[in-house]
Amino acid sequence: MAWYENSLSADVNAQLRQGVLVFDWWIRNGDRQIGNTNMLWEPVDERLVIIDHNQAFDDDFDPATFITHHVFADEWIGLSQDFVLHADWEKRMAAALSMARWACDNAPPEWHWANAEQDIPAAYDPEEALRHLARCVEPNFWRVE
């Protein structure tokens with residue numbers, strides 16, 4: 001396994017590239033950028049391994065910067081203009097959203113802490129995250145402005 005390099009983009013299925021882009025958009029993860037992809041590449045099976053979501057639900061998330069710098073930003077043009085794709089992704093996110101409460105309620109105890117000693121609480125509000133995820137069914141979900 002090796003760090004994913006931008007030169008491997010053609011080796012990654014277009015739907016998977018789009019899926020990574022949509023997921024990062026949904027969770028407001030602006031930290032998967034060209035030059036800092038936070039992905040690994042398994043060359044034998046030609047598959048991506050997505051890592052490092054510590055910037056998810058970023059209060060300072062900037063949609064325009066995201067669309068410009070995301071490692072799979074080229075997928076946005078086609079995605080943003082295809083209402084059939086919107087509907088498909090919205091359906092998939094809504095299905096995942098139905099499991100989000102369970103996931104939050106069943107997170108490992110160590111995820112509630114910012115350090116291994118478990119004496120600094122994590123700066124994470126599950127209720128706020130759930131509210132944010134729920135916006136996937138709102139009409140302005142795809143709006144960059």
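In what follows, every heavy atom counts, from backbone to side chain, and hydrogens, waters and symmetry copies are set aside. Note that the numbering runs from 1 along the sequence shown for the chain.
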Student: Starting from V137 and following side-chain heavy-atom contacts under 4.5 Å between hydrophobic residues (I, L, V, M, F, W, Y), which residues can be reached?
Tutor: none
Student: For the pair S80 (side chain) and I77 (backbone), establish whether a donor and an acceptor sit closer than 3.5 Å, ignoring hydrogens and angles.
Tutor: yes
Student: For W111, does the CH2 atom sit with more than 12 other heavy atoms under 6.0 Å from it, leaving out its own atoms?
Tutor: no
Student: Between N115 and E117, is there a side-chain donor-acceptor contact under 3.5 Å, judged purely by atom types and distance?
Tutor: yes
Student: Measure up the H132 and F57 rings against each other and bin them: parallel (under 30°), tilted (30 to 60°), perpendicular (over 60°).
Tutor: perpendicular
Student: If only side-chain N and O atoms count, and only distance matters, is there a donor-acceptor pair under 3.5 Å linking D58 with N29?
Tutor: no
Student: Using 30° and 60° as the class boundaries, would you call the ring planes of H53 and F23 parallel, tilted or perpendicular?
Tutor: perpendicular
Student: Once rounded to the nearest 0.5 Å, what's the spacing between atom OH of Y4 and atom CD of E42?
Tutor: 15.0 Å
Student: So, do W142 and W89 have ring centers that fall under 6.0 Å from each other?
Tutor: no
Student: Test salt bridge (Lys or Arg N to Asp or Glu O under 4.0 Å) on R143 and E138; report intermediate values, then the result.
Tutor: CA-CA 10 Å; R143 184 170 292 160; E138 296 175 4; over 6 Å; no
Student: Parallel under 30°, tilted from 30 to 60°, perpendicular over 60°: which one fits the rings of H70 and F72?
Tutor: tilted
Student: Between D82 (side chain only) and V84 (backbone N and O only), is there a donor and an acceptor less than 3.5 Å apart?
Tutor: yes
Student: So how far is it from L130 CG to R101 CZ, rounded to the nearest 0.5 Å?
Tutor: 4.5 Å
Student: Give a yes or no answer on whether the side chain of T37 reaches the backbone of I34 with a donor-acceptor pair at less than 3.5 Å.
Tutor: no
Student: Return yes when atom CG of D74 has more than 12 non-hydrogen atoms of other residues, nucleotides or ligands closer than 6.0 Å, and no otherwise.
Tutor: no
